[in-house]
Protein chains: 4
Amino acid sequence: MSTDTPAPVKRRTSIGGRRNPQSATAILDAAADILAESGLAGFSIEAVARRAGAGKPTVYRWWPTRTALLIEVYARQKETVLQVDTASLEGDLLAVMRRLFAFWRDTPAGPAFRSIIAEAQSDPQSLALLTTFLAERKQHVHALITRGIARGELPSQADCATVVELIFGFCWMRLLTGQIDRDADLPALVHHVLYGAGHSEGSEQKDGATALAAAPSRSA
Amino acid sequence: MSTDTPAPVKRRTSIGGRRNPQSATAILDAAADILAESGLAGFSIEAVARRAGAGKPTVYRWWPTRTALLIEVYARQKETVLQVDTASLEGDLLAVMRRLFAFWRDTPAGPAFRSIIAEAQSDPQSLALLTTFLAERKQHVHALITRGIARGELPSQADCATVVELIFGFCWMRLLTGQIDRDADLPALVHHVLYGAGHSEGSEQKDGATALAAAPSRSA
Amino acid sequence: MSTDTPAPVKRRTSIGGRRNPQSATAILDAAADILAESGLAGFSIEAVARRAGAGKPTVYRWWPTRTALLIEVYARQKETVLQVDTASLEGDLLAVMRRLFAFWRDTPAGPAFRSIIAEAQSDPQSLALLTTFLAERKQHVHALITRGIARGELPSQADCATVVELIFGFCWMRLLTGQIDRDADLPALVHHVLYGAGHSEGSEQKDGATALAAAPSRSA
Amino acid sequence: MSTDTPAPVKRRTSIGGRRNPQSATAILDAAADILAESGLAGFSIEAVARRAGAGKPTVYRWWPTRTALLIEVYARQKETVLQVDTASLEGDLLAVMRRLFAFWRDTPAGPAFRSIIAEAQSDPQSLALLTTFLAERKQHVHALITRGIARGELPSQADCATVVELIFGFCWMRLLTGQIDRDADLPALVHHVLYGAGHSEGSEQKDGATALAAAPSRSA
DNA sequence: GCGTAAACGAGACGGTACGTCGCGTCTTAGG
DNA sequence: CCTAAGACGCGACGTACCGTCTCGTTTACGC
């Protein structure tokens, strides 16, 4: 039941008037482990410090809030830059989403990110951090779409921001409801986001008319 | 600092071997008030009981967890059945979303729902409750879309489930990032979800071809 | 861990506007059982009512305090009147003490009496009850001693009250420190109380002088 | 109704990884005060902590049970070492008892000790603590008696343990029944315990024979 | 090269909230 | 009017963490 680990017999100590990277590492590792094992419920500063064999003030010195610690745990996982180029917008978006889902599924990042979002619901400061982080991620996807437009895959007046928002909303929803294992329907999803509900993704080029008929301009 | 209210001088007591609705009401009111004033951070069973002038065991008797209480606070707000009929699918969805945003914005339901989602990230039981609740809500929107298909507004093979998921994901994202005040772009969003990124919502019926061009079947 | 008993399936009910002896019996039995099994620690009105299959108000109606219930539990055990006559004072006292120890050891009376004394330390009303009860018991022993004096076993000016107080004090001490199993030394104790510390209870009739020497009158 | 005191404005804090004697003192003081004012009934860990301006965990850290706290409250009062030497055993015992009665009467020790005994009736661990404490106190009186024997005031075969037990039993009885104000009869009591019931404590040196006659050896 | 400053582990501090238990009171519904 | 049942407001229980503090130790840096 305890998340403690007997703690390495070797005792860390100060290395002078600056942050000891060993301690930082030990703390982040402990945090990631606890998150993976017990989820946000077991994730307390106290537990992290205990497991890391660190003093509580050491944790507080470098991460003033639980969220700050969570964010660093999350950030440490993603050196995997989401760099993709499949030569098609649809392929790019699909690849990005698949990587993201795998990232959330296979690393402590998933629980960490869920926790960050949760935290942001009660702590405005955490929300601000999250918003900043989110903007940066959105920017990245935005670039993909712009590139797609440049290639002519979407009309130039397409609303990139909405595409991004739909995709992120969808991913969040899946994460927050514990459904990151469902990824079989991602291709259809991407297609839908780009081309609408009515546009079948089979070999139905001829159905364009249907799609057209099904998408009257709002002024109609 | 305290969220207490001197408590009505009138002391409630048992009305026999069954739940006292006065207590239930007082507790739910207190919960809603605290949520509105202090957010999830100040929302503890203890604080609710104190403010309601109730004993802690009375709260625990009827709401075994904080989430259960939150859910009832949320549910109590929404006698406003989301019954709409604008004679068009796009109008229906737009109306539903607008009502939802207003509901979240103008009642304690917004903070409550944010809290429920947050809670669900650390407590599997809360997640289950939330999932159940969510399924029911999705069903409601699903029916609107089915009706739209019957009216011929969407082709029969349109993927209703994805439409629903996109819409909910979008709404959640806005709520969770504190953007429920942004509702000017809801019409465009609805249009986008139904007809894709490329389909402008102006008087561009002629652009059908563009939309078509922009939406190659995936097998292409 | 629970002291509950599934409760007789048969449900007792009112027998009109008076005390139902079945209920009283069930409650006293339950009380005695709990006391025997879990001691005073587990002895709560709530537990007694639960085990007796009775409502709490029924218990409160007839026994306003925990002590009142304890006293009745104790009293119910001791129809065994402490009537003795061994033709010698020493024998009488010894017999009385042995019976008392056995009574405390072999019935729920021991735990009950310990509990009553404990209760009396924080509740003046309980102390009053206890004092009254104690006076009556002392009177009984007092009579034995008076009889001994009449038989010439003690000089007429012997201080009966002190003898009684010493004996009761000794018994209480043994009870309260959990030593009612020690009764091998009771004969010596009785002898000591009557004839002093120096008077050996072996074949030392000749030692009378020693005893005398060892017991100078206080004025000396 | 509340026993709280506004708490000194000065807030105590940690003085490093060891017990803060200021806190300990404040807690013991508060405990003694509550005991003196409200008796055992009002004596809860919560109330003590509140009055001491201490956190509950701080109390629990150092005194795992209510009894442990009571015992320290009691022990702290008795720096008054019961060191006596009146050159006579009878005088020594009398002096010790008088001091004890005064101690119980004039300090919080009386209520404290009553509470400790009460507690011991329901908690075996408390009983063990009490037993240990009691053994030490008995040893002290035992030494007095041994000294008396060495002086020839009691025959060498006198049963010291019984004397001690009688004296302590008597004192307890007086304490537990709220009679520590009665101390006029202590001289007679001591005399009785040492020399038996029949031995008058007046100028009856001649009555030695009577005492002798009244104290047949049990084998007779 | 030596004093000082800062980080280290440890853990106690005053607190808040947890979820449970028992208190004694009250109201029922049913003999 | 008594009975079993059980909800009520209340308050204490003992535990977990919170975020702050002071400790004594262990470096590394700057005077």
Contact nearer the 5' end of DNA chain F, comparing D:Y60 with C:A54: C:A54
- prompt: Between atom CG in C:N20 and atom C1' in E:dG30, what is the gap in whole Å?
  reply: 15 Å
- prompt: In terms of the angle between their ring planes, are D:F133 and D:Y74 parallel, tilted or perpendicular, with boundaries placed at 30° and 60°?
  reply: perpendicular
query: Separation of C:Q22 atom CD from F:dC2 atom P, in whole Å?
result: 17 Å
message: Closest approach to the side chain of B:I45, judged atom by atom: which nucleotide of E:dG22, E:dG14, E:dC18 is it?
response: E:dC18
statement: Heavy-atom closest pair (C:R51 atom, C:A30 atom, distance to 0.1 Å) is CG-CB, 3.8 Å
Would you tabulate the side-chain donor-acceptor contacts of residues 21-29 of chain B under 3.5 Å, counting partners in other chains and residues two or more places apart, or write 'none'?
{"from": "B:S23", "atom 1": "OG", "to": "B:R12", "atom 2": "NE", "distance (Å)": "3.0"}
{"from": "B:T25", "atom 1": "OG1", "to": "B:P21", "atom 2": "O", "distance (Å)": "2.9"}
{"from": "B:D29", "atom 1": "OD1", "to": "B:R76", "atom 2": "NH1", "distance (Å)": "3.3"}
{"from": "B:D29", "atom 1": "OD1", "to": "B:R76", "atom 2": "NH2", "distance (Å)": "2.7"}

message: Check for me whether A:R18 meets the cation-pi criterion with A:W62, that is, NZ or CZ under 6.0 Å from the six-membered ring centre and within 45 degrees of the ring axis.
response: no
- line: note: C:D123, atom CG; E:dC23, atom C1'; distance rounded to Å ~ 14 Å
- prompt: When the nearest nucleotide of DNA chain F is assigned to D:S44 and to B:S23 on a heavy-atom basis, which residue is associated with the more 5' position?
  reply: B:S23
query: Side chain of B:T58: nearest nucleotide among F:dC18, E:dC23, F:dG9?
result: F:dG9
field: For atom CZ of B:R12 and atom C1' of E:dT25, their distance in whole Å
entry: 15 Å
- line: Output for pair (D:L70 CG, D:R114 CZ), nearest 0.5 Å, gives 13.0 Å
- request: Using atom CZ of A:R50 as one end and atom C1' of F:dC18 as the other, report the distance to the nearest whole Å.
  value: 13 Å
- line: Across all chains, not counting sequence neighbours, the side-chain hydrogen bond (donor to acceptor under 3.5 Å, both in side chains) partners of A:S126 are A:T67, A:D123
statement: Nucleotide by nucleotide, nucleotides 21-31 of chain F touches protein heavy atoms under 4.0 Å in the pattern (B base, S sugar-phosphate only, - none) BBS--BBS---
statement: D:E46 CD to E:dG14 P, in whole Å, measures 15 Å
field: Gap separating the CD1 atom of D:I116 from the CD atom of C:Q121, nearest 0.5 angstrom
entry: 11.5 Å
- request: Round to a whole Å and report the spacing from CZ of C:R61 to P of E:dG24.
  value: 15 Å
- prompt: Roughly how many Å is it from CZ in C:R51 to P in E:dG22, rounded to a whole number?
  reply: 14 Å
query: Nearest nucleotide by nearest heavy atom, which residue falls closer to the 5' end of DNA chain E, C:T65 or D:A24?
result: D:A24
